[in-house]
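So that the names make sense, note that chain A is the first sequence line, chain B the second, and so on, each numbered from 1.
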Amino acid sequence: MKLSKIFIPTLKEVPSDALIPSHQLMLRAGMIRPLGAGIYSFLPLGYRLMKKVMEIIRDEMDGIGGQEFHLPALNPVELWEETDRVKAFGDTMFHIKNRALVLAPTHEEVICSIAKNHIRSYRDLPQIWYQIQTKFRNEARPRSGVIRGRQFLMKDSYSLDATWPGLDASYDAHAQAYKNIFTRVGLKFFIVGASSGAMGGSASQEFMVESEAGEDTCAICDGCGYAANIEVAASAVPGALKNGESAAVEEIHTPGVKTIDELREFLKVDESVLAKSLVYMAGQRPVMILMVGNDQLNESKLQVVLGADARPAHPDELKALTGADGGSIGPIGLDGFRIIADKRLEGANNLISGANKNDYHLRNIDLKRDTKIDAYYDLRTALAGEPCTTCSKPLRVIRAIELGHIFKLGTKYADAMKASFLDEHGKEKPIIMGSYGIGVERVIACHIEQSHDKNGIVWTKGLTPFHVHLVLVNANNAKITAVANDLNEKFEALLLGVLYDDRGDVSPGFKFKDADLLGMPLQVIVGEKHVANGNVEVKHRATGEREIIEIGKVVQYVEKYYES
RNA sequence: CGGGAUGUAGCGCAGCCCGGUUAGCGCGCCUGCCUUGGGCGCAGGAGGUCGCGAGUUCGAAUCUCGCCAUCCCGACCA
């Protein structure tokens with residue numbers, strides 16, 4: 001491919017809207033251009049990368065028996081009513097104004113409708129169906145270039161199984177395929193246990209790349225390899241233990257004290273004897289949640305307990321339900337509440353909490369004696385430095401970008417849409433599903449985040465738009481032009497991807513800067529200096545190392561480089 | 001959706017506070033010459049509804065109000 005012909009509009013200056021390296025470099029390298037918030041055009045170089053990623057994904061998906069589909073992005077809204085996900089997605093789903101259609105944010109429903117109509121027998125199972133297709137999500141705030149867009153490319157696959165062990169096998173096959181895919185594209189990734197969220201189901205894992213630009217937070221144990229999204233991460237913090245004999249409950253006047261920090265200062269006590277009370281509404285029913293001191297409630301963990309529609313109570317609801325405002329609320333003397341508490345509070349006594357009377361607190365509360373706790377759950381957010389639950393080493397907490405997510409969905413969708421089959425005993429059963437996604441643009445962006453320097457992108461053998469960047473230093477010199485033309489033809493004949501900078505109106509310095517910016521792993525530089533001695537120069541982008549190679553041997557050199 | 005910032009040529013920015021020539025600079029672009037191992041040099045040139053709309057004023061890029069767009073923080077995020 002001649003650089004004089006291919007449209008790669010590189011930029012010398014950094015566009016002011018881009019802050020993270022991958023976004024800046026994708027713009028500067030002429031891979032993408034913005035069209036609106038979270039909407040990007042992929043230019044020839046960017047699309048070439050996309051196709052490379054898709055090629056690897058297809059190879060691995062086909063390898064586990066996946067069959068590629070092409071499903072419509074335009075879906076009847078009734079289809080989504082069947083699983084009640086119009087409500088679940090809410091404003092995140094795009095709705096078409098002049099038809100009862102939506103733009104699909106994912107494809108469980110479409111897959112399930114096909115399965116419902118055509119899967120009749122256990123003999124039809126298992127199936128792995130996948131596609132690589134544009135997804136639409138009306139993100140409230142797109143950000144970080146292509147990492148969170150309103151339109152993006154996703155490889156989504158769905159497993160259909162007759163049995164639970166079958167689902168396990170399909171899930172494990174996907175996990176292995178994902179490891180292969182991310183390894184092949186040259187990413188340093190890790191896998192975490194994750195929350196299934198509104199997708200439902202029994203288990204899920206995310207494939208993550210560590211990055212400051214990431215939107216997810218993960219807890220990692222370097223000791224035993226435990227890794228979990230902070231949404232589900234546990235840590236071994238000690239409980240607020242039983243503290244002597246339970247004394248009689250007494251009221252204390254605490255004028256103006258609202259927060260846990262203020263209460264601790266006012267009473268000069270340790271945080272661990274304070275019980276923080278939060279009120280959520282689960283449907284019509286108020287739920288009080290008790291946490292130790294300043295432990296942060298983890299809303300993902302809470303959702304698992306209360307369901308997805310739980311929300312914090314409004315201040316006026318608080319007052320009506322408890323008789324007090326936030327800051328003076330507590331578990332004693334409530335009516336009609338479900339009360340749940342964080343595990344750290346199990347068996348604790350002599351606690352201090354709100355009195356449900358403004359400016360008053362109660363001390364010496366014994367949760368067992370003085371109130372009825374419906375259940376104890378792990379509801380707190382794990383913090384960096386807390387001990388790992390399995391090996392006690394301190395946890396690290398890092399930011400990460402989610403590349404892929406795999407779910408065991410179970411029968412949620414088949415139940416809702418009545419997609420069933422007959423087993424070997426002639427008994428009707430729901431199809432057991434799994435769903436699995438990879439963000440294609442994110443693979444590219446993450447690769448750049450992990451592999452770049454001040455001069456530009458550094459592609460790797462596993463993922464590069466071209467194998468070699470051929471630089472003709474001076475197109476006005478007939479001799480070296482002939483050498484470069486010849487090399488270009490030889491590379492092309494061998495189906496090695498070559499980007500040939502044959503431009504005649506650009507200075508050598510300009511070409512070198514562009515080559516570094518575009519980041520092909522190898523640059524073959526054809527200039528008078530070395531051609532005079534029958535040589536060309538090979539520059540390794542990653543290390544800057546340069547080698548002088550005989551003209552006749554350079555094609556072989558490149559071939560060999562990619563073989564190893 | 002809450003908070004903050006920005007909007008002037010394709011890109012990066014100055015001018016705005018304190019209203020007043022023909023709205024400027026760098027890069028890029030076009031023409032010609034020159035140069036050819038790290039974003040060359042010289043000369044000439046094209047390119048602008050100053051985000052949009054109203055208002056104040058003799059006069060608005062500049063002041064006021066409304067709207068829109070983009071980015072950042074937060075909430076949200078299968």
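Using a 4.0 Å heavy-atom criterion, one finds that A:Ser300 contacts no nucleic acid atom at all. Nucleic acid contact for A:Asp91: none, since no nucleic acid atom lies under 4.0 Å from a heavy atom of the residue. At a threshold of 4.0 angstrom between heavy atoms, the contacts of A:Met93 with the nucleic acid are absent. Counting any heavy atom pair closer than 4.0 Å across all strands shown, A:Asn477 reaches no nucleic acid atom. At the heavy-atom level, A:His530 lies under 4.0 Å from base atoms of the strands shown. Across all strands, A:Arg33 comes closer than 4.0 Å to no nucleic acid atom at all (heavy-atom distances).
For B:A23, there is no paired nucleotide, since no Watson-Crick or G-U wobble pair has both relevant distances below 3.5 Å. Across the strands present, B:C18 finds no partner; the criterion is a Watson-Crick or G-U wobble pair with both atom distances under 3.5 angstrom. Nucleotide B:A43 forms a Watson-Crick or G-U wobble pair with B:U31, both donor-acceptor distances falling under 3.5 Å.
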> How far apart are the C-alpha atoms of A:His23 and A:Ser144, what are their side-chain angles, what is the distance that settles it, and do they pass the side chain to side chain contact (heavy atoms under 4.5 Å, CB included) test?
Replying inline: CA-CA 6 Å; A:His23 190 198; A:Ser144 308; over 6 Å; no
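Side chains of A:Gln67 and A:Gln127: a donor-acceptor N/O pair is present below 3.5 angstrom, by distance only. No side-chain donor from either of A:Gln303 and A:Lys301 sits under 3.5 Å from a side-chain acceptor of the other. Between the side chains of A:Ser204 and A:Glu206, not a single donor N or O lies within less than 3.5 Å of an accepting N or O. Donor-acceptor pairing under 3.5 Å is recorded for the side chains of A:Glu547 and A:Tyr557. Side-chain polar atoms of A:Ser157 and A:Lys155 form a donor-acceptor pair below 3.5 angstrom. Counting only N and O atoms by type, the side chains of A:Glu402 and A:His405 include a donor and acceptor under 3.5 Å apart. Side-chain contact check for A:Tyr413 and A:Asp415: no donor-acceptor pair (N or O, by modelled atom type) lies under 3.5 Å. A donor atom on one side chain and an acceptor atom on the other are found under 3.5 Å apart for A:Gln205 and A:Tyr171.
Remark: the A:Asn474 side chain and the B:G37 base include no donor-acceptor N/O pair separated by less than 3.5 Å.
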Polar-atom pairs under 3.5 Å, protein N or O versus N or O of nucleotides 73-75 of chain B: list them with distances, or write none.
from: B:C73; atom 1: OP2; to: A:Arg141; atom 2: NH1; distance (Å): 3.3
from: B:C73; atom 1: OP2; to: A:Arg141; atom 2: NH2; distance (Å): 2.8
from: B:C73; atom 1: N4; to: A:Arg141; atom 2: NE; distance (Å): 3.2

Just the table, please: protein N/O against nucleotides 7-11 of chain B N/O, every pair under 3.5 Å.
from: B:C11; atom 1: O2; to: A:Glu13; atom 2: OE1; distance (Å): 3.3

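Sorted by residue number, the list of members of residues 74-84 of chain A with any non-hydrogen atom under 4.0 Å from RNA chain B is empty. RNA chain B is contacted by A:Asp17, A:Leu19, A:Arg28 of residues 17-28 of chain A, taking any non-hydrogen atom closer than 4.0 Å.
Under 4.0 Å is where a charged nitrogen must lie from a carboxylate oxygen, and between A:Arg148 and A:Glu139 at least one such pair does.
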Expected list for residues 521-531 of chain A: side-chain donor-acceptor pairs under 3.5 angstrom, two or more places apart:
from: A:Gln523; atom 1: NE2; to: A:Asp516; atom 2: OD1; distance (Å): 2.9
from: A:Glu528; atom 1: OE2; to: A:Asn474; atom 2: ND2; distance (Å): 3.3
from: A:Glu528; atom 1: OE2; to: A:Asn477; atom 2: ND2; distance (Å): 2.8
from: A:His530; atom 1: NE2; to: A:Glu537; atom 2: OE1; distance (Å): 3.4

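Listed here is the closest heavy atom pair of A:Tyr500 and A:Ala484: OH-CB, 3.3 Å. Here the closest non-hydrogen pair linking A:Leu25 and A:Gly456 is CD2-CA, 3.7 Å.
Of the side-chain N and O atoms in A:Lys12, none sit less than 4.0 angstrom from OP1 or OP2 of B:G12.
Mapping A:Ser144 and A:Gly527 onto RNA chain B by nearest heavy atom places A:Gly527 closer to the 5' end of the strand. Comparing A:Thr92 and A:Thr10 along RNA chain B, the residue whose closest nucleotide (by nearest heavy atom) sits nearer the 5' end is A:Thr10.
For residues 128-156 of chain A, the pairs satisfying ring-ring contact (aromatic ring centres under 6.0 Å, His included) are A:Phe69-A:Trp129, with sequence neighbours left out.
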